[in-house]
Amino acid sequence: MTFLYHGMEARGAVWAEIFATRVPQLPFRRWGIDAVDPATVKYLAAWNAPADVIAQFPNLEVLFSVGAGIDQLPLAALPPQVRVVRMVEQGIITGMAEYVAMACLALHRDLPFFITEQRAGRWSYRHTRLAAETRIGIMGLGELGKAALEMLKPLGFALSGWSRSAHEIPGVECFAGAAGFDAFLAQANIFVCLLPLTEQTRGILCRDTFAKMPSGSAVINAGRGGHLVADDLIAMLDSGHLRAAMLDVTEPEPLPDGHPFYCHPAIFLTPHVAAETRHTTAGGVLADNVLRLLAGDPLLGEVDRTRGY
Ligand code: NDP
Ligand code: OXD
């Protein structure tokens, strides 16, 4: 029985040490570095895996994502009995909360406008609003959505959230499901997408959704590029209905040269850096999860394969 890791070499070195101390009973091997008999691989940790992963490792039981998302994995090619586990770790959670706070403050205080004016050599005064006058709507109230809300609370923003099932979060107006979507969209000014990419959420940031947001709204997408319909975003920005968009994720990544997002004046890009799996904290979480697995206990972050997240 072997645990195989595929990915960044520096992370593999840290995780090999953590596993040697915390899970010494399970051999930890690094893909492309250590010799491994494929038939012994029961557990694989990777950001992505080839579509023929099962042909390569016929006895695979659990596929661990090294990231919080799992849509990049070849889920359709995995037999239903293979368990899929996402990464729930404090480095990703805090990183995302920081990114959302940064993006919300920048859009709330009109940083894009002031940067444009500076570049054009203009000293343009514009009145600003206080945080309590801006409502932020978070799409997705999971690990990351909730952490982002907690980071935003002390800044004084009015806060809303939307999720599949109903949630109650102090200080946050919560909406749920298709029935609550329009009301959620109608009452915020800055929207942050922190949804997982599933069949239900692909393309959710589209013309219809944008049209239901108040005029002058801004959008932040730190979920997945597949949530956004690129042409719809550009049309809604060009019409003036949307004011600005800050995108950490795109489809594809990286964007090809010459893609219109690169130089659109109202689009601000970061290259999928909102949150990053931290070697040490994530290695500890993974080792704990493997210990749970070996003990037959429920796993942290196990994906419901029928639900898709
Ligand atoms: P979770 O699984 O913890 O939370 C997902 C949330 O989305 C839940 O609140 C869930 O609702 C809600 N949701 C799912 N489907 C729907 C739907 N159809 N309609 C309404 N709400 C829905 O995920 P995380 O918070 O850990 O991560 C979210 C995503 O962030 C990841 O899947 C990944 O794509 C992205 N990500 C991006 C990173 C970056 O650097 N840009 C880094 C890390 C993650 P409910 O609570 O009812 O189940
Ligand atoms: C992700 C991650 O899922 O970086 O995007 O964790």
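All ligand and atom numbering here is 1-based and tracks the order in the structure. Only heavy atoms go into these numbers, but all of them, side chains included; no hydrogens, no water, no symmetry mates.
Each of the following atoms of ligand 1 lies closer than 4.0 Å to a heavy atom of Q200: 18 (N). Close contacts between ligand 1 and A222 involve ligand atoms 35 (C), 36 (N), 37 (C), 38 (C), 39 (C), 41 (N) [criterion: under 4.0 Å to a heavy atom]. Listed by number with element, the atoms of ligand 1 under 4.0 angstrom from any heavy atom of H167 are 45 (P), 46 (O), 47 (O). For ligand 1, the atoms sitting less than 4.0 Å from at least one non-hydrogen atom of A68 are 43 (C), 44 (C), numbered in the order shown with element in parentheses. Every atom of ligand 2 with a heavy atom of A68 under 4.0 Å away is listed here by number and element: 1 (C), 2 (C), 3 (O), 6 (O). The distance from ligand 1 to the heavy atoms of M96 drops below 4.0 Å at these ligand atoms: 37 (C), 38 (C), 39 (C), 41 (N), 42 (C). For ligand 1, the atoms sitting less than 4.0 Å from at least one non-hydrogen atom of V249 are 41 (N), numbered in the order shown with element in parentheses. Per-residue contacts place G140 under 4.0 angstrom from the following atoms of ligand 1 (heavy atoms of the residue considered): 6 (C), 7 (O), 9 (O). Every atom of ligand 2 with a heavy atom of W47 under 4.0 Å away is listed here by number and element: 1 (C), 2 (C), 3 (O), 5 (O). The atoms of ligand 2 that sit less than 4.0 Å from any heavy atom of A275 are 4 (O).
Distances between N or O atoms of T198 and those of ligand 1 include no value under 3.5 Å. In terms of polar-atom proximity, defined here as any N/O pair under 3.5 Å, L141 does make such a contact with ligand 1. Looking at G69 next to ligand 2, an N or O pair under 3.5 Å apart turns up. For ligand 1, none of its N or O atoms has an N or O atom of D71 under 3.5 Å away.
Contact annotation for S65 and ligand 2: no heavy atom of the residue comes within less than 4.0 Å of the ligand. With a 4.0 Å cut-off on non-hydrogen atoms, E143 touches ligand 1 through its backbone as well as its side chain. Contacts with ligand 1 closer than 4.0 Å are made by no heavy atom of E276, backbone or side chain. Under 4.0 Å from ligand 1, heavy atoms of L144 appear from its side chain as well as its backbone. Contacts between L195 and ligand 1, counted as non-hydrogen atom pairs separated by less than 4.0 Å, involve both the backbone and the side chain. Contact annotation: for H272 versus ligand 2, heavy atoms closer than 4.0 Å belong to the side chain alone. When non-hydrogen atoms are compared, ligand 1 lies under 4.0 Å from the backbone of L194 (N, CA, C, O) but not from its side chain. Proximity of R224 to ligand 2, defined as any heavy-atom pair under 4.0 Å, is confined to the side chain (atoms from C-beta onward).
Salt bridge annotation for R278-E89: absent, with no cationic side-chain nitrogen under 4.0 angstrom from a carboxylate oxygen. R292 has no carboxylate O lying under 4.0 Å from a charged side-chain N of E302, or vice versa, which leaves the two without a salt bridge. Under 4.0 Å is where a charged nitrogen must lie from a carboxylate oxygen, and between R129 and D110 no such pair does. With respect to R135 and E173, a salt bridge is recorded, a charged nitrogen being found less than 4.0 Å from a carboxylate O.
Protein heavy atom closest to atom 17 (C) of ligand 1, with residue, atom name and distance, is T201 CG2, 3.9 Å. In this structure, the protein non-hydrogen atom closest to atom 41 (N) of ligand 1 is D248 OD2, 2.8 Å. Looking from atom 5 (C) of ligand 1 to the surrounding protein, the closest heavy atom is P196 CD, 3.6 Å. The protein atom (non-hydrogen) at minimum distance from atom 31 (C) of ligand 1 is G69 CA, 4.0 Å. Looking at atom 8 (C) of ligand 1, its nearest protein heavy atom turns out to be G142 N, 3.7 Å. The protein non-hydrogen atom at the shortest distance from atom 15 (N) of ligand 1 is Y309 CE2, 3.7 Å. Given atom 35 (C) of ligand 1, the protein heavy atom at minimum distance is G223 O, 3.6 Å. The protein heavy atom nearest to atom 23 (O) of ligand 1 is R86 NH1, 3.7 Å.
Each of L63, V84, T198 was compared with I70 under the side-chain contact (heavy atoms from CB on, under 4.5 Å) criterion, and only V84 meets it. Exactly one residue among F28, Y5, F3, F64 makes a ring pair (Phe, Tyr, Trp, His ring centres under 6.0 Å) with W15. That residue is Y5.
Between V219 and M236, every side-chain heavy-atom pair lies at or beyond the 4.5 Å cut-off. At least one side-chain heavy atom of H279 sits under 4.5 Å from a side-chain heavy atom of M8. Between E251 and L228 there is no side-chain heavy-atom pair separated by less than 4.5 Å. Side-chain contact between L78 and R305 is present, with heavy atoms from C-beta onward closer than 4.5 Å.
A donor-acceptor contact shorter than 3.5 Å links the side chain of R243 to the backbone of L107. Remark: the backbone N or O of A235 is not paired with any side-chain donor or acceptor of H241 at under 3.5 angstrom.
Remark: distances from the non-hydrogen atoms of L197 to ligand 1 are all 4.0 Å or more. At a 4.0 Å cut-off, not a single heavy atom of K146 sits close enough to ligand 1 to count as contact. Ligand 1 is never approached by G67 to a heavy-atom distance shorter than 4.0 Å. Within the 4.0 Å heavy-atom shell around ligand 1 one finds W162.
Side-chain contact check for T270 and Y99: at least one donor-acceptor pair (N or O, by modelled atom type) lies under 3.5 Å. Counted by atom type alone, H6 and N48 present zero donor-acceptor pairs between their side chains at under 3.5 Å.
Within the model, atoms CD1 of I169 and CD of E150 stand 7.5 Å from one another, a figure rounded to the nearest 0.5 Å. Atom CG in L130 sits 6.5 Å away from atom OG1 in T128 (nearest 0.5 Å).
Annotation for A186 and P214: closest pair O-CG, 3.3 Å, computed over non-hydrogen atoms.
Cluster membership for L195 and L247, using ILVMFWY side-chain heavy atoms within less than 4.5 angstrom, is shared.
Y125 has its ring centre less than 6.0 Å from the ring centre of H127. Aromatic ring centroids of F57 and W31 lie under 6.0 Å apart.
Among R164, Q72, M139, H272, the residue whose heavy atom lies nearest to atom 20 (C) of ligand 1 is R164.
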